[in-house]
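We count ligands from 1, going down the list as the structure has it; atoms in each ligand are counted the same way.
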Amino acid sequence: MLSVVVLISGSGSNLLALLKAAENPLYPVKIVAVGSDKDAPGLEHAELFEIDTFVVQPERFSDRNQWGQALLANVLHHQPDLVVLAGFMKILPEGFVSALSGKLINTHPSLLPEFKGAHAVRDALQAGASKTGVTIHFVDAGVDTGPVIVQEELQIIPGESEAQLHERIKEIERALLVRTVENIALGKIK
Ligand code: GRF
């Protein structure tokens, strides 16, 4: 059983997909805790599934390294084998990333290295791209730069809004994340 901590900042639909998958005893993953940088709406999913939650707000610390250390302490308290950034919208300090090296993955709504950063869906539309997609990757010290684990693409429909496109991306993203975390648990991805 792979022990997983999930970090979120938003609605947590990717988290919910993992929580639902982990309800199946055949799914080799246990979500042990869910953390956030704020009082994110998605924390409610964890509470409904009776999973521990923690919130570590950067504003409460004098610098981001101290925040990173406090967040790390909360994560490590749960002794995870893997930490999943599922819509976690803060850039993590290097100390946090290096302490979890090889155990930290992120899901991102574009085909990296295209459209890094917080507005990947908007940026793809503004660039007039004909396709975009999802990337799940290991996290390194850069922003959306770590080694790619898996990608899935989708065609952009001319005229669709950012919200419509993001929702179609997230449908793919949720399934890909569930499958990828399973493959890590099964040792198919190192
Ligand atoms: C996802 O598309 C994630 O890749 C991006 O933010 C979205 C989070 O969605 N960074 P949710 O909170 O899991 O619904």
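- In this model, a donor atom of one side chain and an acceptor atom of the other lie less than 3.5 Å apart for Ser110 and His108.
- The residue among Gly117, Pro41, Ser13 with a heavy atom at the shortest distance from atom 11 (P) of ligand 1 is Ser13.
- Using a non-hydrogen distance threshold of 4.0 Å, His166 registers as a contact of ligand 1.
- Using a 4.0 Å cut-off between charged nitrogen and carboxylate oxygen, Glu182 and Lys188 do not count as a salt-bridge pair.
- In this structure, Arg174 pairs ionically with Glu167, as a charged nitrogen and a carboxylate oxygen lie closer than 4.0 Å.
- In the hydrophobic clustering of ILVMFWY residues, with side-chain heavy atoms under 4.5 Å counting as a link, Leu18 and Phe49 come out together.
- Of all protein heavy atoms, the one closest to atom 5 (C) of ligand 1 is Pro109 CD, 3.9 Å.
- When each atom of ligand 1 is checked for a heavy atom of Asn14 under 4.0 Å away, the hits are 1 (C), 9 (O), 11 (P), 13 (O).
- The ligand atoms of ligand 1 that sit less than 4.0 angstrom from a heavy atom of Ser11 are 11 (P), 12 (O), 14 (O).
- Salt bridge status for Lys131 with Glu114: absent, with no side-chain N to carboxylate O gap under 4.0 Å.
- Residues Val121 and Glu162 approach most closely at CG1-O, 3.7 Å, considering heavy atoms.
- Residue contact check for ligand 1: Ile8 places no non-hydrogen atom closer than 4.0 Å to it.
- Both Leu19 and Val55 belong to a single network of hydrophobic side chains, linked directly or stepwise wherever heavy atoms of I, L, V, M, F, W or Y lie under 4.5 Å apart.
- When Glu173, His45, Lys170 are ranked by how near their heavy atoms come to atom 9 (O) of ligand 1, first place goes to Lys170.
- Considering only non-hydrogen atoms, atom 12 (O) of ligand 1 lies nearest to Gly12 out of Gly42, Ser9, Gly87, Gly12.
- Among all protein heavy atoms, the one lying closest to atom 10 (N) of ligand 1 is Met89 SD, 3.6 Å.
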